[in-house]
K.L.:
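I'd like to ask you about the structure that follows.
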Amino acid sequence: MQVQHQNEVHTSRFILWLSVLTFFSVMNETMFSVSLPDIAAYYGIAPSAANWTNTCFSLSFAIGVAVYGKISEHTGMKKLLLFGMLTYGFGSVIGLLCHAWYPGMLTARFFQGVGASAVPSLIMVMIVKVVDPGRQGKAFGLIGSVVAFGEGLGPVIGGAVSGYIHWSVLFALPLASLLALPFVLRILPDEISKRKAFDWIGAVLLSVGILAFALFTTLYHWVYLAASLVLFVLLAFHIRRRQEPFLEPFLFRKKGYIARVLTGALLLGTVAGFIVMVPYLMKAVYHMPTSLIGSAILFPGTLSVILFGMLGGILADRLGHIITMLFGLAMIAAGFLIVLFFVDRGSWLIAGSMILTFGGLSFVKTIVSASVAKTLEPEEAGSGMGMLNFACFLAEGIGIASVGGLLTRPWLSTRFIGTVTTQAAALYSNMMLIFMALLAFGGILFIITYKRKRNRQ
């Protein structure tokens, strides 16, 4: 009886400290978004350059998720978690010490992404191996709530710190997560590492190819696009010749799976770009302080994810995937239309747009995950869902970079929409035309591929 009680206490502490690690790794995704206009002003750079603050994190986070997932198959969790969290802390220290130097700040965000990606890659496996089956449901539920809370609180904390102190102090907050590391490592079981060759060539070709393409979406230099295409072609040849490549080749032969992954990546990348654009909008059109942008504009939207996330799961079971996806797309479209036509008519309208967009996004995420899972056999689920996470994180990074580049295009400042009354607002209203087109394309692609798959069945 006493042993059982001790085990329950150890498990509860493990879940508590694991929640702390999760909270700080997730919060860093949204914490800097509200501060991007301040960062641009601090360095005297364009949004296309400032947005790389988030792009560096997102790209390294996406690649890190894929790499940790692969390495975890034959390396102990303790080593990977320790490496990840120490890298996360190392990036944070670089950010604090080198924030006055733009390349140093980008380097810090890169290392933060590499380190923070260890947590989502390993957390599910850790819970399965440490927590008793009877308590795993509660553990997963708690972690899910922590993720939603961290994403929601990130803009508030980021806005408050940037508004009242300085945005560079945001690098100090993740260091608090290191306090939880010893407690988590103490409870994790020791594992025997299985030596197995890792496809570093494939990982490097993919990473550099992605970086080149992201640079093209920001700078519009065709040499970057050409370089990315060459690297992706080399990667395709490498995958065919390698016995156990970095990317699973069987996934690329599943047309329905690939189509749904691309749909999810396109939709999530589009919304990520819109979210990053909003702080610039609020600064340029409403001259709103950073602290208020985080608490009054972004925070209500991120909170709506919790409510609509639960509702999305219920609707998916009762009404089906297509109807629930259409609900989500309609909410996002309504949010986009508000900004398109009424971008300069009141800040409360922008806050309402964020609630609709984030709420619709939670529906879309639920359906994308569920529909992708349906295309996979049980033995393919690990690799298939890992590839989905990688593609979506990657798309968010590219979406953020692309928006930064578009905000510097002079032709987008021409007033096209008659309801827009100020010149400063025209740029952001016109951006919504691009977002609407991408949203429509993603929605049509999902419906076509989903119906085609169902007709075959």
Side-chain angles (χ1 to χ4, degrees), residues 33-41 45-51 54 155 159 217-218 220 266-302 304 328-361 399-444:
S33 297
V34 71
S35 305
L36 293 178
D38 293 340
I39 293 172
I45 55 179
S48 56
N51 279 15
N54 273 12
T217 63
T218 302
Y220 300 102
L266 177 62
L267 294 174
L268 267 62
T270 299
V271 175
F274 168 70
I275 293 169
V276 164
M277 184 197 77
V278 169
Y280 289 106
L281 185 163
M282 302 312 295
K283 286 276 188 181
V285 178
Y286 295 98
H287 310 290
M288 186 175 286
T290 304
S291 58
L292 197 57
I293 296 173
S295 59
I297 304 300
L298 297 182
F299 183 58
T302 53
S304 71
L329 293 175
M331 290 178 66
I332 296 173
F336 285 2
L337 287 171
I338 288 174
V339 180
L340 174 65
F341 291 110
F342 309 112
V343 63
D344 54 358
R345 299 297 181 87
S347 58
W348 63 274
L349 285 170
I350 309 300
S353 168
M354 298 303 294
I355 293 173
L356 288 169
T357 302
F358 272 105
L361 178 63
I400 292 168
S402 301
V403 167
L406 288 171
L407 289 177
T408 63
R409 302 293 98 182
W411 56 269
L412 268 174
S413 296
T414 304
R415 200 180 306 175
F416 294 126
I417 305 300
T419 54
V420 177
T421 59
T422 60
Q423 186 62 43
L427 169 63
Y428 303 98
S429 175
N430 294 336
M431 286 287 294
M432 303 314 300
L433 295 172
I434 299 174
F435 291 139
M436 289 292 295
L438 292 172
L439 184 71
F441 179 74
I444 292 170

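The first residue in the sequence is number 1, and the count goes up from there.
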K.L.:
Check M354 against V278 and note the closest heavy-atom contact, atom names and distance.
P.N.:
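Nearest pair, atom of M354 first, then V278: SD-CG2, 3.5 Å.
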K.L.:
Apply side-chain contact (heavy atoms from CB on, under 4.5 Å) to F435 and I332, showing your working.
P.N.:
CA-CA 10 Å; F435 291 139; I332 296 173; over 6 Å; no
K.L.:
Can you list the residues that meet the side-chain contact (heavy atoms from CB on, under 4.5 Å) rule with M436, with sequence neighbours excluded?
P.N.:
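M436 satisfies side-chain contact (heavy atoms from CB on, under 4.5 Å) with A333, F336, L337 only.
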K.L.:
Checking side chain to side chain contact (heavy atoms under 4.5 Å, CB included) against T270, which of L266, L267, L268 comes through?
P.N.:
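Output: one option passes, namely L266.
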K.L.:
Taking C-beta and beyond as the side chain, do P47 and T408 meet within less than 4.5 Å on heavy atoms?
P.N.:
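Of all side-chain heavy-atom pairs linking T408 with P47, at least one is under 4.5 Å.
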K.L.:
List the atom of N54, the atom of S33, and the distance in Å for their closest heavy-atom pair.
P.N.:
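Nearest pair, atom of N54 first, then S33: ND2-OG, 2.9 Å.
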K.L.:
Quick one: closest heavy-atom pair of V420 and A425, and the distance?
P.N.:
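Nearest heavy atoms, V420 then A425: CG1-CB, 3.8 Å.
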K.L.:
Rounded to the nearest 0.5 Å, how far does CG of D344 lie from CD of Q423?
P.N.:
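The distance works out to 11.0 Å.
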K.L.:
Which atom pair, heavy atoms only, marks the closest approach of Y428 to A284?
P.N.:
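Minimum heavy-atom contact is OH-CB, 3.6 Å.
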K.L.:
Is it the case that the side chain of S353 and the backbone of L349 share a donor-acceptor pair, with hydrogens and angles ignored and the cut-off at 3.5 Å?
P.N.:
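No.
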K.L.:
Is a side-chain donor or acceptor of S429 paired with a backbone partner of L340 at a separation under 3.5 angstrom?
P.N.:
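At least one qualifying donor-acceptor pair exists.
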K.L.:
Any donor-acceptor pair under 3.5 Å linking the side-chain atoms of T414 with those of N430?
P.N.:
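No donor-acceptor contact under 3.5 Å links the two side chains.
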K.L.:
Would you say the side chain of R345 lies within less than 4.5 Å of the side chain of T421, judging by non-hydrogen atoms?
P.N.:
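Yes, at least one pair of side-chain atoms sits under 4.5 Å.
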K.L.:
To the closest 0.5 Å, what do you measure between CH2 (W348) and CZ (F342)?
P.N.:
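So the gap between those two atoms works out to 9.5 Å.
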K.L.:
Please report the interatomic distance CG(N51) to CE(M277), rounded to the nearest 0.5 Å.
P.N.:
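So the gap between those two atoms works out to 11.0 Å.
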K.L.:
Looking at F441, I want to see if its CZ is surrounded by more than 12 non-hydrogen atoms of other residues, nucleotides or ligands under 6.0 Å.
P.N.:
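For F441, atom CZ is not crowded (no more than 12 foreign heavy atoms under 6.0 Å).
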K.L.:
Can you tell me how far the OG1 atom of T290 sits from the CD1 atom of I39, to the nearest 0.5 Å?
P.N.:
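Between T290 OG1 and I39 CD1, I get 9.5 Å after rounding to 0.5 Å.
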K.L.:
Calculate, to the nearest 0.5 Å, the distance between atoms CD1 and OH belonging to I297 and Y286 respectively.
P.N.:
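Separation between the atoms: 8.5 Å.
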K.L.:
Testing the basics here: between K283 and M288, what is the closest heavy-atom pair and its distance to 0.1 Å?
P.N.:
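Residues K283 and M288, closest heavy atoms: CD-O, 3.5 Å.
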K.L.:
Do V339 and M431 make a side-chain contact, defined as non-hydrogen atoms from C-beta onward lying under 4.5 Å apart?
P.N.:
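Not touching, per the 4.5 Å side-chain cut-off.
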K.L.:
Nearest 0.5 Å please: distance from the CG atom of L439 over to the CD1 atom of I434.
P.N.:
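Answer for the CG-CD1 pair, L439 versus I434, is 13.5 Å.
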K.L.:
Closest approach of A50 and I45, non-hydrogen atoms and distance?
P.N.:
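Looks like N-CD1, 3.7 Å.
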